[in-house]
Trainee: 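Below is a structure I'd like to ask you about.
Only a predicted model underlies this, so the values are computations on that prediction, with no experimental measurement involved.
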2 protein chains.
Amino acid sequence: MRISEAADACGLSADTIRYYEKSGMIPPIRRDASGRRRFSAADIDWLTLIYWLRETGMPLRQMRRFFTLAQGGPETIPERRQILTDHASELQRRRENLDKCDAVLAIKIASYDQPKPKVTP
Amino acid sequence: MRISEAADACGLSADTIRYYEKSGMIPPIRRDASGRRRFSAADIDWLTLIYWLRETGMPLRQMRRFFTLAQGGPETIPERRQILTDHASELQRRRENLDKCDAVLAIKIASYDQPKPKVTP
DNA sequence: CCTTGACTTGGAGTGACTCCAGCCGATTAC
DNA sequence: GTAATCGGCTGGAGTCACTCCAAGTCAAGG
């Protein structure tokens with residue numbers, strides 16, 4: 001797979017993939033004879049996970065940590081699991097924020113329908 | 001109210017409030033004799049709305065647009081309402097993303113518990 | 001009067017991209 | 001066969017939304 005196909009497959013842009021490779025959040029991608037990246041299915045899997053972590057706001061620092069651990073052996077699994085479960089709790093917090101914001105928006109929008117509530121009309 | 005109190009009240013940092021004032025997303029705040037900002041209750045209300053919009057990822061460009069409209073008369077209400085309802089749909093999209101990411105995380109976490117599914121053992 | 005602490009400004013630094021110039025190699029068009 | 005086009009390469013500049021800092025002002029407390 002070439003970078004444009006990889007980008008389509010995982011949802012990240014080609015620029016972002018190159019940037020992630022440069023900054024060590026994904027393994028160095030294999031190159032063909034003319035120096036172009038060729039992505040394996042495993043690369044795509046990794047990029048897809050990264051895509052979802054990013055999409056829900058995981059900082060790159062933490063992704064990098066996760067990647068470094070994944071390079072190590074299975075003894076790093078507990079910490080990897082911890083990072084993912086921590087992120088899952090973060091998602092819960094975000095969901096609550098969305099709810100709160102929904103409420104604020106609903107109140108604000110409603111206030112446009114009843115623009116000036118008179119005091120004892 | 002002074003800036004530190006305003007920051008506590010709305011959830012934004014003092015630096016962020018100053019930045020938002022500089023870049024025209026909130027009205028210029030009244031100053032006291034020695035040039036310090038004094039925040040009214042209306043200022044805090046505005047900042048609190050801004051806080052929730054930002055917290056759920058509204059770009060500053062759009063907040064600025066919304067603020068500019070709010071400076072205008074009630075004839076800008078339809079567009080203001082539109083911005084808020086658009087943002088509410090965006091929140092819905094984000095909520096779906098969170099769900100999707102939850103699923104991806106659950107699968108990944110589960111894979112640590114059953115690390116190597118043997119093919120017909 | 002001196003210190004402390006909260007505030008002011010302008011400007012530099014950061015994270016995470018995003019875009020672009022200028023180059024190279026492969027494919028297609030004539 | 002060679003010209004044009006396409007996709008990809010690198011390094012570096014630009015952007016967005018802060019965040020931090022230096023250097024200065026001002027007010028209150030001891």
Side-chain angles (χ1 to χ4, degrees), chain A residues 1-40 43-44 46-68 87 90 94 97 101, chain B residues 1-40 43-44 46-68 87 90 94 97 101:
Chain A
M1 252 196 193
R2 289 168 298 128
I3 198 165
S4 59
E5 294 165 324
D8 288 352
C10 73
L12 298 165
S13 76
D15 262 324
T16 301
I17 294 173
R18 280 191 282 261
Y19 170 69
Y20 282 1
E21 190 187 7
K22 244 192 273 186
S23 45
M25 311 198 358
I26 56 173
I29 306 296
R30 219 183 68 234
R31 306 302 183 102
D32 67 13
S34 59
R36 299 185 186 181
R37 293 173 182 78
R38 312 314 310 276
F39 294 77
S40 70
D43 293 335
I44 302 301
W46 185 259
L47 286 170
T48 304
L49 175 59
I50 290 286
Y51 170 81
W52 285 108
L53 295 177
R54 176 194 77 157
E55 190 70 6
T56 49
M58 182 184 279
L60 295 210
R61 198 168 4 84
Q62 208 168 355
M63 290 191 210
R64 206 172 288 124
R65 173 82 188 134
F66 185 74
F67 169 67
T68 309
H87 191 58
E90 174 64 17
R94 275 161 204 257
N97 260 5
C101 191
Chain B
M1 253 195 192
R2 290 167 298 126
I3 198 166
S4 57
E5 294 164 324
D8 288 353
C10 73
L12 298 165
S13 76
D15 262 324
T16 301
I17 294 174
R18 280 190 282 260
Y19 169 69
Y20 282 1
E21 190 188 7
K22 245 191 272 187
S23 45
M25 315 205 349
I26 56 173
I29 305 297
R30 221 182 67 234
R31 305 304 183 101
D32 67 12
S34 58
R36 298 185 188 181
R37 293 172 181 80
R38 311 316 308 277
F39 294 78
S40 71
D43 293 334
I44 302 300
W46 184 260
L47 287 170
T48 304
L49 175 59
I50 291 286
Y51 170 82
W52 284 108
L53 295 177
R54 176 194 77 156
E55 190 70 6
T56 50
M58 181 182 281
L60 294 209
R61 196 169 6 84
Q62 208 169 355
M63 290 191 211
R64 206 173 288 123
R65 174 82 188 134
F66 185 73
F67 169 66
T68 310
H87 191 57
E90 173 63 18
R94 274 160 205 260
N97 261 4
C101 190

Trainee: Counting N and O atoms only, with roles assigned by atom type, does the side chain of A:R30 sit under 3.5 Å from a partner on the main chain of A:S40, one being a donor and the other an acceptor?
Mentor: no
Trainee: Return the 5'-most residue of the pair B:A33, B:P59 with respect to DNA chain D, ranking by each residue's nearest nucleotide.
Mentor: B:P59
Trainee: Tell me, with the steps shown, if A:M1 and A:D43 meet side-chain contact (heavy atoms from CB on, under 4.5 Å).
Mentor: CA-CA 10 Å; A:M1 252 196 193; A:D43 293 335; over 6 Å; no
Trainee: What is the distance from CG of A:L47 to P of C:dC17, rounded to the nearest Å?
Mentor: 13 Å
Trainee: Judged by atom type as modelled, is there a donor-acceptor pair below 3.5 Å linking the side chain of A:E21 to the main-chain atoms of A:I29?
Mentor: yes
Trainee: Without decimals, in angstroms, what is the distance between A:D32 CG and C:dC24 P?
Mentor: 17 Å
Trainee: Quick one, give me the B/S/- string for nucleotides 5-11 of chain C, reading 5' to 3', where B means a protein heavy atom under 4.0 Å from the base and S means that only happens at the primed atoms, P, OP1 or OP2.
Mentor: -BSBBB-
Trainee: A:I17 has an atom CD1; how far is it from atom C1' of D:dC9, in whole Å?
Mentor: 14 Å
Trainee: Mind calculating the distance between CG (B:L53) and P (D:dC16) to the nearest angstrom?
Mentor: 19 Å
Trainee: How many Å lie between OH on A:Y19 and P on C:dG15, as a whole number?
Mentor: 8 Å
Trainee: Closest approach to the side chain of A:S13, judged atom by atom: which nucleotide of C:dC17, C:dT18, D:dA17 is it?
Mentor: C:dT18
Trainee: Can you check the A:R38 CZ to D:dG7 P distance for me, whole Å?
Mentor: 15 Å
Trainee: Give the intermediate values and the outcome of side-chain contact (heavy atoms from CB on, under 4.5 Å) for residues B:M58 and B:F66.
Mentor: CA-CA 11 Å; B:M58 181 182 281; B:F66 185 73; 5.6 Å; no
Trainee: Is there a side-chain polar atom (N or O) of B:Y20 under 4.0 Å from OP1 or OP2 of D:dC18?
Mentor: yes
Trainee: Within the structure, does a side-chain N or O atom of A:R61 lie under 4.0 Å from either OP1 or OP2 of C:dA16?
Mentor: no
Trainee: Can you check salt bridge (Lys or Arg N to Asp or Glu O under 4.0 Å) on A:E5 and A:R2, steps first, answer last?
Mentor: CA-CA 5 Å; A:E5 294 165 324; A:R2 289 168 298 128; 3.6 Å; yes
Trainee: Which whole-number value in Å describes the distance from B:I26 CD1 to D:dC18 P?
Mentor: 12 Å
Trainee: How long is the line joining CG of A:L12 and P of C:dC19, in whole Å?
Mentor: 14 Å
Trainee: Test side-chain contact (heavy atoms from CB on, under 4.5 Å) on A:I17 and A:I26 and set out the steps.
Mentor: CA-CA 8 Å; A:I17 294 173; A:I26 56 173; 4.2 Å; yes
Trainee: Just how far is it from atom CG of B:L49 to atom CZ of B:F67, taken to the nearest 0.5 Å?
Mentor: 12.0 Å
